[in-house]
Amino acid sequence: MDTCIHRVLLTCLLFSLFSPPFVSAQVCVSETFSSNKLYASCNSLTVLGATLHWTYHPSNGTTDVAYRIQQAATGWVAWAINPKMTGMLGSNALFAYHDSTSGAVNVVSTVINDYMPTVRDENLTFAVYNRSAEYSNGTYTIYASIQLPGNKTTQNIAWQAGTDFTGGAPGGHKLGPPNVLASTSIDFLSGASVPVPSPASDNRLRQKNIHGILNTVAWGIILPVGVLKARYIKSLNPSSPAWFHVHKIFQSIGYIIGVAGFALGLKLGSESKGITHHGHRTMAIVLFCFATIQVSALLVRPKPTHKRRIYWNAYHYSVGILVITLGIINIFAGFNILNPDNKWRRLYIVIICVIAGIAPILEVCKWTMCRNRESRSYTKPENVPSEWAATA
Ligand code: HEM
Ligand SMILES: *[C@@H]1O[C@H](CO)[C@@H](O)[C@H](O)[C@H]1NC(C)=O
Ligand SMILES: *[C@@H]1O[C@H](CO)[C@@H](O)[C@H](O)[C@H]1NC(C)=O
Ligand SMILES: *[C@@H]1O[C@H](CO)[C@@H](O)[C@H](O)[C@H]1NC(C)=O
Ligand SMILES: *[C@@H]1O[C@H](CO)[C@@H](O)[C@H](O)[C@H]1NC(C)=O
Ligand SMILES: *[C@@H]1O[C@H](CO)[C@@H](O)[C@H](O)[C@H]1NC(C)=O
């Protein structure tokens with residue numbers, strides 16, 4: 001009995017693993033086209049809700065394709081074959097968008113050689129016999145008949161959609177996971193689709209995520225928490241140098257992790273040819289400089305009794321606040337660029353609200369505690385003993 005159930009379960013499992021076409025019905029099958037155009041095969045592409053329909057002609061190695069994707073009428077869409085590589089660079093793309101003057105749907109073809117392509121109509125590296133595009137019901141459809149490069153039936157393809165029209169021609173698209181995963185390999189003969197996102201972009205996406213995590217944890221969590229801890233532990237026992245040790249170690253760890261994240265960011269920036277996120281980059285460099293000054297300043301901290309100490313404190317507080325403010329702003333700038341699932345942005349907002357919410361509570365505790373201590377010992381917290389001067 002028991003083994004019977006197991007066998008049934010195992011069979012179901014194997015079926016669902018090895019027969020995806022039966023389990024997940026292809027959305028593309030129900031789509032229809034103008035002028036009753038019919039295609040032999042179709043594939044619901046993995047991301048961006050796009051579909052590809054085609055008829056392959058073995059006699060001459062050509063294929064008629066129809067690419068369909070939802071996009072606002074003010075945006076652009078593109079479908080590409082990449083004869084040499086995977087991903088965006090090297091793609092031979094067909095773009096469709098509404099002409100800004102005539103309002104007609106334009107189709108242009110462009111070979112993409114860098115991450116800031118000039119989209120103008122040019123010949124591709126393979127023949128395109130006819131092409132057209134239409135827009136209806138919120139979706140663009142690009143039709144074309146193409147000569148499959150190298151007369152090979154398996155081709156790397158990429159697809160994309162965006163709303164940016166920099167200089168009147170299609171500009172960038174979002175750089176988050178669905179958009180950068182919009183490439184695969186398709187066999188126009190068998191219809192098999194092998195999702196092989198370019199290893200380069202896969203690895204880059206991982207590095208971008210690591211960059212985001214390191215920087216968020218360092219600049220956005222460890223450093224602000226370290227400031228709170230310093231203020232709070234100090235108020236618990238102002239005469240003990242413990243708070244300063246904890247603060248120093250905590251902030252140094254935050255700084256080291258932050259610098260690692262910053263360095264990874266510079267590396268990623270230098271690798272994406274043709275694209276610079278000026279605001280994010282500049283803010284990161286300014287942030288790094290101030291944070292480095294802040295950490296170095298610990299080495300030249302005057303003794304509490306020294307008359308320069310009051311200036312040092314004022315300086316240390318203001319640069320500290322600046323670093324943390326810039327850090328948090330830049331984390332949100334990074335979120336906007338990487339555009340991860342919204343839950344990550346929300347999670348970070350919750351964390352930052354908790355930190356920000358705890359601050360006034362600690363502040364109240366601190367002052368009530370100081371007042372109590374003051375009434376007991378008549379010692380003002382400012383006149384703390386000079387023991388912890390030794391730690392500076
Ligand atoms: C029209 C102007 C375009 C701009 C400015 C642009 C810009 C970019 C940038 C900056 C990246 C990220 C590179 C990185 O990881 O550092 C990227 C990735 C990508 N783009 Fe585009 N893109 C454009 C058009 C297209 C088109 C037409 C397609 C496909 C038909 C496409 C497909 C992709 C894909 C699949 C990736 C991720 C894989 C890779 O990096 O190769 N892009 N794009
Ligand atoms: C290729 O073959 C198909 C079907 O045999 C035909 O409809 C099409 O016109 C041919 N294309 C070219 C460019 O010869
Ligand atoms: C393309 O390959 C097929 C066989 O796969 C062959 O029949 C056809 O003649 C080739 N066409 C060209 C243009 O080389
Ligand atoms: C594109 O190719 C066609 C035919 O091969 C040729 O007549 C035309 O001049 C080419 N256009 C450009 C811009 O190179
Ligand atoms: C494109 O041309 C090919 C052959 O020249 C033809 O079979 C096909 O129907 C045409 N497709 C469209 C969308 O006009
Ligand atoms: C328009 O799209 C909606 C869903 O996106 C669909 O239900 C409807 O049938 C479509 N209408 C036409 C005319 O294709």
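For Trp76 against Gly171, the heavy-atom pair with the smallest separation is CZ2-O, 3.0 Å. Of all the heavy atoms in Thr55 and Tyr39, the pair that sits closest is OG1-CA, 3.3 Å. Across all their heavy atoms, Asn179 and Lys174 have their closest contact at CB-O, 3.0 Å. Here the shortest heavy-atom pairing between Gly226 and Gln251 reads CA-OE1, 3.2 Å. Smallest separation of non-hydrogen atoms from Gly87 and Asn82: O-ND2, 2.9 Å. Across all their heavy atoms, Phe165 and Pro170 have their closest contact at CD2-N, 3.7 Å.
By the side-chain contact (heavy atoms from CB on, under 4.5 Å) test, Pro224 pairs with Ile324, Ile355, sequence neighbours left out. Taking the ring pair (Phe, Tyr, Trp, His ring centres under 6.0 Å) definition, one finds that Tyr348 meets it with Phe332, sequence neighbours left out.
The structure places CD1 of Ile213 at 11.0 Å from CG of Leu264, a figure rounded to the nearest 0.5 Å. For the atom pair OG of Ser318 and CG of Asn313, the computed distance is 10.0 Å after rounding to the nearest 0.5 Å. Residue Leu148 holds its CG atom at 9.5 Å from CG of Asn60, rounded to the nearest 0.5 Å. Note that the CG atom of Leu45 and the OG1 atom of Thr51 stand 7.0 Å from one another [nearest 0.5 Å]. Here Asn336 contributes atom CG and Ile331 contributes atom CD1; the two are 12.5 Å apart, rounded to the nearest 0.5 Å. Here the straight-line distance linking atom CG of Leu223 with atom CG of Leu228 works out to 11.5 Å at 0.5 Å rounding.
Looking only at side-chain heavy atoms (C-beta outward), Phe33 and Arg68 come within less than 4.5 Å of each other. Residues Asn92 and Val128 are not in side-chain contact: their nearest non-hydrogen atoms beyond the backbone lie 4.5 Å or more apart. Residues Ile328 and Trp219 have side chains not in contact (no heavy-atom distance under 4.5 Å, counting atoms from C-beta outward). You'll find the side chain of Ile69 stays beyond 4.5 Å of the side chain of Gln160, heavy atoms only. Leu214 is not listed as a side-chain neighbour of Phe262, based on a closest heavy-atom distance of 4.5 Å or more.
In terms of modelled atom types and a separation under 3.5 Å, the side chain of Asn36 and the main chain of Ser34 share no donor-acceptor contact. Of the possible donor and acceptor atoms, none in the side chain of His57 sits under 3.5 Å from a partner among the backbone N and O of Thr63. A donor-acceptor pair under 3.5 Å is absent between the side-chain atoms of Gln207 and the main chain of Leu268, judged by distance alone. Listed for the Gln294 side chain is a donor-acceptor partner under 3.5 Å among the backbone atoms of His316. The backbone N or O of Ala104 sits less than 3.5 Å from a side-chain atom of Ser102, completing a donor-acceptor pair. A donor-acceptor pair under 3.5 Å is formed between the side chain of Asn156 and the backbone N or O of Met85.
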Handout entry: Intermediate values then yes/no, ring pair (Phe, Tyr, Trp, His ring centres under 6.0 Å), Tyr140 and His98
Key = CA-CA 10 Å; Tyr140 277 98; His98 283 86; 5.4 Å; yes
Handout entry: Worked verdict on Cys28 versus Leu52 for side chain to side chain contact (heavy atoms under 4.5 Å, CB included)
Key = CA-CA 8 Å; Cys28 61; Leu52 187 70; over 6 Å; no
Practice task
Decide yes or no on side chain to side chain contact (heavy atoms under 4.5 Å, CB included) for Cys353 and Ile349, but give the supporting numbers first.
Solution key: CA-CA 6 Å; Cys353 287; Ile349 291 174; 4.1 Å; yes
Problem - Worked check of side chain to side chain contact (heavy atoms under 4.5 Å, CB included) between Asn130 and Tyr143 - result: CA-CA 8 Å; Asn130 52 17; Tyr143 301 99; over 6 Å; no
Exercise for the section: Could you give me the CA-CA distance, side-chain angles and deciding distance for Leu124 and Ser109, then say whether side chain to side chain contact (heavy atoms under 4.5 Å, CB included) is met? Expected result: CA-CA 7 Å; Leu124 299 182; Ser109 52; 3.7 Å; yes
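Shown are Val77, Ile142, Asp121, Val108; of these, the side-chain contact (heavy atoms from CB on, under 4.5 Å) with Phe95 is made only by Val108.
Relative orientation of the Trp79 and Tyr67 rings is tilted, given thresholds of 30° and 60° on the angle between their planes.
Around atom OH of Tyr311, no more than 12 heavy atoms belonging to other residues, nucleotides or ligands sit under 6.0 Å away. Annotation: Phe126, atom CZ; neighbour count of heavy atoms from other residues, nucleotides and ligands within 6.0 Å is above 12. Residue Leu266 qualifies as enclosed at atom CG: its count of foreign heavy atoms under 6.0 Å is above 12. In Arg281, the CZ atom is not crowded: 12 or fewer heavy atoms of neighbouring residues, nucleotides or ligands sit closer than 6.0 Å. For CH2 of Trp312, the number of neighbouring non-hydrogen atoms (other residues, nucleotides, ligands) closer than 6.0 Å is greater than 12.
No single ILVMFWY cluster, assembled from side-chain heavy atoms under 4.5 Å apart, contains both Ile329 and Phe288. Residues Val364 and Ile358 are members of separate hydrophobic clusters, defined by side-chain heavy-atom contacts under 4.5 angstrom among Ile, Leu, Val, Met, Phe, Trp and Tyr. Linking ILVMFWY side-chain heavy atoms closer than 4.5 Å, directly or via other members, places Val323 and Tyr255 in two distinct hydrophobic clusters. No single ILVMFWY cluster, assembled from side-chain heavy atoms under 4.5 Å apart, contains both Val227 and Tyr317. Cluster annotation: Trp159 is connected to Trp54 through the hydrophobic network of ILVMFWY side chains, with a link wherever side-chain heavy atoms come within less than 4.5 Å.
When only modelled atom types and interatomic distance are considered, Asn342 and Arg345 share a side-chain donor-acceptor pair under 3.5 Å. Defined by atom type and a distance below 3.5 Å, a donor-acceptor pair is present between the side-chain atoms of Asp99 and Thr101. Side-chain contact of His280 with Asn330: a donor-acceptor pair under 3.5 Å is present, judged by distance alone.
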